*Asks:* 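Okay, here's the structure, questions in a sec.
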Amino acid sequence: MRINYCGKVNQTILNSYVKLYGWVNKIRDHGGILFLDLRDMYGRTQLVIDSKKLDFTNFVLAKKLKSEYIIKVIGLIKLRPVKDGFTNKIDIFVIELNLLSKSIKLPFKLYAKKKIKEEIRFKFRYIDLRQKKYIKKILIRSQIIHKIRSFLDINKFIEIETPILSNITVEGARTFIIQSHKQTFALPQSPQIYKQILMCSGLDRYYQIAKCFRDEDLRSDRQPEFTQIDIETSFMNKQAIINVVEKMIKSLFKELLHFTFSSAFKIIKYTDAINKYGTDKPDLRVPIKITDIEDVIPQSLTCIFLNKLQKLTSQCNRIAAIKLKGGVCLSLKQIIKYISFVKLYGAKGLIWIKVYNINLGLNGLQSPILKHITDEVIHNLKKRLHLKNGDLVFCCADTINIVNTSLSVLITQIANDLKLYIKAWAPIWVVNFPLFKRDIVGTLTSYHHPFTAPTSTLDDIIYNPEKAFANSFDLIINGIELGGGSIRINDYKLQKIIFKLLGLTQRTLNNNFGFFLKAFKFGVPPHGGLALGLDRIVMLLTKSDNIRDVIAFPKTNKFICPLSV
RNA sequence: GGAUCGGUAGUUUAGUUGGUUAGAACAUCGGCCUGUCACGCCGAAGGUCGCGGGUUCAAGUCCCGUUCGAUCCGCCA
């Protein structure tokens, strides 16, 4: 058994002998004496190879060592002569040296100051992972999984594995299909149905660290195969589930980052999130909200706000604004940059108003629309937006979706540019999502999935499905969707109605969900649960801006594993 | 499926309105050096400029195509 690690030997065992294994990180050859940094996964320590203290054969061998050779040494731990600026306090005076493995020249420099292209890093991932910063992410990932397991274990959850090879498909993402010589399998997008079946068995606190597969295009936070912390419980309501998951997340932050959340996570309804932040995953570290202004500007002006594009006739429009405190310092160039930025999201543009002196009315402002507006409009805007000197207002007018998207991405962009984050961590539960949404061809689809229990009445669901809401909840931290869940339907009739509303034919229903509905006839406990994206939790806790950094062997945008291709 | 950015030595990169032999730093290799810790000093080697085509007297540079990588939109129950 290995006892000593390079990163762990310290001055508590001075003047004793130690056996170390490791990689040659760097050699400083002074002729008769060599200084060698030996590295393992926990850190580095300095070996001193002195021609006077080592036999000739060993010294000759030492002179031949190169970077990344793997060696075994036995040496005496000594205090290093004191010199300013160096904190490593000990040396290992080598008395015996063994070469275990050689290495050719590395394809890139470890501990390079400049960023190495991922293309190369992932091709040689085994070398990439010799770097401390990436080892650390892998270590933290392991700790997170370990802590989640012990937390859930303490809370009486049991870990149950569900099949990877199955023929259950829930509509949603594209599915990976596996052809074997005997059968065709689908890789699971999540263990959703299996875990609900387990509830039917009475295994009422289930969890799984589950590999999931979705054949969709990649993003910086999306991989085709990823890991979910999948949880399902019976006889717990929404609040109870939220409580236990929140406790788990808080314990992770406490144990891994030594950060304590002072209060319960904020809970906000979906509709409020959309109205105030323009998105269902707001980043509450940024203190900017969206404010409706349509009712404080005269009808005659709305077309100007709509950029002369259309009259405000449809109910599907929104005229709204965000206020940037101290924003007058933004240059016209920056403002134009933001205008072209929102155009990427469908907005026709932005109207901006710089407030230099609010008491002077129009004279205290700078804006391209000054000649179209009156002091009264300014007065109204001042009241609505609580305008003060130095503020910058961006207004956007378009369909609700375009205004929401544009202003929410604008808020994020401005916050990034101007470093407007007022706190480190902003967790939030977004609850009561719509039950359904219409896709591009007008078909009704589930907002989450077809098993989500509604909060609306049956009449509303049937006759006004788009206005129906779900008993669901998403966990958002810093604008990142960590996961979501819901209370599930546990009523045979209701589940069947939902399937029908979603347009499933009797045949599809029988083929895909027949067994599931049948299970309902044998009794289904009230149940619910959620799934958290493990990779995203690791990203958050390791402050990684890329999911590939927290996965040992990630895939590229083209679904290629650069290591093995 | 769409948009944007990028690919020059092992790595990170410079390369002007197209114009001599594509330059640097670090790494590598050889030599010297007993207190370095980004050691130092002397020397050397290392480039089909992603790939294919076009324009031109002349292309790393301009144009077209393609491929790979990244980011985003669509997509992601």
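Here the structure is a predicted model, which means the values were calculated and not measured. In what follows, every chain begins at residue 1, and chains take the letters A, B, ... in the order their sequences are listed.
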*Asks:* Does A:Arg80 get its side chain close enough to the base of B:C37, under 3.5 Å, for a donor-acceptor pair?
*Replies:*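 Answer yes: a donor N or O sits under 3.5 Å from an acceptor.
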
*Asks:* Assess whether a salt bridge exists between A:Glu96 and A:Lys72, defined as any Lys/Arg side-chain N lying under 4.0 Å from an Asp/Glu carboxylate O.
*Replies:*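 Looking at A:Lys72 together with A:Glu96, the answer is no, because their closest N to O distance does not fall below 4.0 Å.
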
*Asks:* So, applying side chain to side chain donor-acceptor pair (under 3.5 Å) with A:Tyr206, which one of A:Thr162, A:Thr233, A:Asp230 is it?
*Replies:*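 Going through A:Thr162, A:Thr233, A:Asp230 one by one, the side chain to side chain donor-acceptor pair (under 3.5 Å) with A:Tyr206 is satisfied by A:Asp230 alone.
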
*Asks:* Can you tell me how far C1' in B:A14 sits from the matching atom in B:U61, rounded to whole Å?
*Replies:*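 Here B:A14 and B:U61 have their C1' atoms 13 Å from each other.
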
*Asks:* At less than 3.5 Å, do the side-chain atoms of A:Arg548 and the base atoms of B:G69 form a donor-acceptor pair?
*Replies:*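 A donor-acceptor contact between them is absent.
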
*Asks:* Reckon A:Ile560 touches a base, only the sugar-phosphate, or nothing at all at heavy-atom distances under 4.0 Å?
*Replies:*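 Sugar-phosphate: the residue A:Ile560, judged by heavy atoms under 4.0 Å, touches backbone atoms but no base.
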
*Asks:* With a 4.0 Å cut-off, would you call A:Arg219 and A:Asp221 a salt bridge?
*Replies:*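 Salt bridge: no.
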
*Asks:* Distance check needed: B:A38 P versus A:Tyr111 OH, whole Å only.
*Replies:*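 Spelled out: OH on A:Tyr111 to P on B:A38 is 14 Å.
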
*Asks:* To the nearest angstrom, how far is A:Asn557 atom CG from B:G1 atom P?
*Replies:*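 So the two atoms are 14 Å apart, to the nearest Å.
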
*Asks:* In B/S/- notation, 5' to 3', how is nucleotides 6-11 of chain B contacted by protein heavy atoms closer than 4.0 Å?
*Replies:* --S-SS

*Asks:* Using only heavy-atom distances, decide whether a donor-acceptor pair under 3.5 angstrom links the side-chain of A:Ser67 to the base of B:U28.
*Replies:*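 No such pair is found, so the answer is no.
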
*Asks:* Using only heavy-atom distances, decide whether a donor-acceptor pair under 3.5 angstrom links the side-chain of A:Asp29 to the base of B:C33.
*Replies:*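 Per atom types, the contact qualifies.
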
*Asks:* Which residue pairs satisfy the salt bridge (charged side-chain N to carboxylate O under 4.0 Å, His left out) criterion with at least one member in residues 543-553 of chain A, sequence neighbours excluded?
*Replies:*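 Applying salt bridge (charged side-chain N to carboxylate O under 4.0 Å, His left out) to every pair that reaches into residues 543-553 of chain A, excluding sequence neighbours, yields A:Glu118-A:Arg548, A:Arg121-A:Asp549.
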
*Asks:* Under the ring-ring contact (aromatic ring centres under 6.0 Å, His included) rule, what pairs show up with a residue in residues 41-81 of chain A, not counting sequence neighbours?
*Replies:*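 Of all non-adjacent pairs touching residues 41-81 of chain A, those that pass ring-ring contact (aromatic ring centres under 6.0 Å, His included) are A:Tyr5-A:Tyr42.
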
*Asks:* Looking at every strand, decide which applies to A:Thr452 at a 4.0 Å heavy-atom threshold: base, sugar-phosphate, or nothing.
*Replies:*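 Touches nothing.
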
*Asks:* Could one point to a donor on the side chain of A:Arg214 or the base of B:C75 with an acceptor on the other under 3.5 Å away?
*Replies:*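 No, no donor-acceptor pair under 3.5 Å.
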
*Asks:* Going by an N to O cut-off under 4.0 Å, is there a salt bridge joining A:Asp491 and A:Lys496?
*Replies:*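 Salt bridge absent between A:Asp491 and A:Lys496.
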
*Asks:* Separation of A:Ile127 atom CD1 from B:U28 atom P, in whole Å?
*Replies:*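 Rounding to the nearest Å, CD1 of A:Ile127 and P of B:U28 are 14 Å apart.
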
